[in-house]
Amino acid sequence: MRTYFIAGNWKMHKTRSEAAELAKALVSQLKDGKHKYLVAPSFTALETVGNIVAGTNIMLGAQNMAAEEQGAHTGEVSVLQLKDLGVQAVILGHSERRHIYKEDDELINKKVRLALKHGLEVILCVGELLEEREAGKAEAVCETQTVKGLEGVSAEDLKRVTIAYEPVWAIGTGKTATPEDADAIHAYIRKVIGKLYGEAAAKAMCIQYGGSVKPENAAQLMAKANIDGALVGGAALKAETFVPIAKFA
Ligand code: PEP
């Protein structure tokens with residue numbers, strides 16, 4: 001049985017006081033929630049939010065990290081610094097990192113392996129652009145990003161990896177993949193995991209959907225056999241929209 005995993009990516013939003021206000025609301029409103037939860041604030045609010053969610057059922061996540069442990073990397077944040085703040089998981093390969101900041105599969109894989117080496121959980125994002133979907137390449141793109149992203153990851157470490165399928169054309173656009181289309185890609189990714197790690201690992205793999213998840217569509221998406229949770233952007237910025245997703249019926 002896979003556990004539903006609902007994560008909120010706050011992106012480059014919220015000052016520390018705004019982040020604290022949202023974190024406090026989530027702690028109180030999700031304390032009876034039945035699923036696995038995570039919030040990923042900006043680096044600047046990690047400590048503030050970490051102090052609020054510590055000891056609750058909400059994990060603390062970061063939105064990115066450097067591919068090196070430490071050194072001359074101006075402007076980067078290392079896994080050691082994240083761990084020092086109590087961070088438990090990191091989102092890697094988000095489409096904004098891939099497409100705006102030109103992170104490639106090789107760099108993302110380096111980060112994945114480093115995060116796992118230091119005991120973090122990883123949410124590895126994969127997903128196709130609109131032109132790739134229209135060219136019939138959605139499965140191939142997701143397969144490549146999954147295979148390359150997981151290169152060198154052991155079966156044991158894979159237990160700390162969640163894959164987030166986020167079709168790029170659905171992120172922040174209000175367009176959601178239909179539950180059927182999303183489920184088909186999730187099933188394909190699960191097949192890829194099966195080829196790499198075997199049937200049991202494929203069955204156990206948590207695959208989140210991301211792309212304009214809202215209170216109105218969360219339950220329909222989550223009802224699909226291969227959709228095990230959500231990575232939420234815009235709707236994660238307010239308790240009144242994140243909580244109904246997190247507590248989808
Ligand atoms: C995201 O950025 O991971 C995301 C899914 O954003 P949104 O929910 O706003 O589409």
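As the structure lists them, so they are numbered: ligands from 1, and atoms in each ligand from 1.
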Please name the residue in the list Lys159, Lys36, Arg160 that meets the salt bridge (charged side-chain N to carboxylate O under 4.0 Å, His left out) test with Glu121.
Lys36
Between Phe43 and Met12, is any pair of side-chain heavy atoms under 4.5 Å apart?
no
Over 60° means perpendicular and under 30° means parallel, so classify the ring planes of Tyr4 and His35, tilted if in between.
perpendicular
Mind checking what residues have non-hydrogen atoms under 4.0 angstrom from ligand 1?
Asn9, Lys11, His94, Glu166, Ala170, Ile171, Gly172, Gly210, Gly211, Ser212, Leu231, Val232, Gly233, Gly234
Do Met205 and Leu158 touch side chain to side chain, with heavy atoms closer than 4.5 Å?
yes
With a cut-off of 6.0 Å (strictly less than), are more than 12 heavy atoms of other residues, nucleotides or ligands near NZ of Lys137?
no
Hey, could you give me each pair passing ring-ring contact (aromatic ring centres under 6.0 Å, His included) that has a residue in residues 95-129? Not counting sequence neighbours.
none
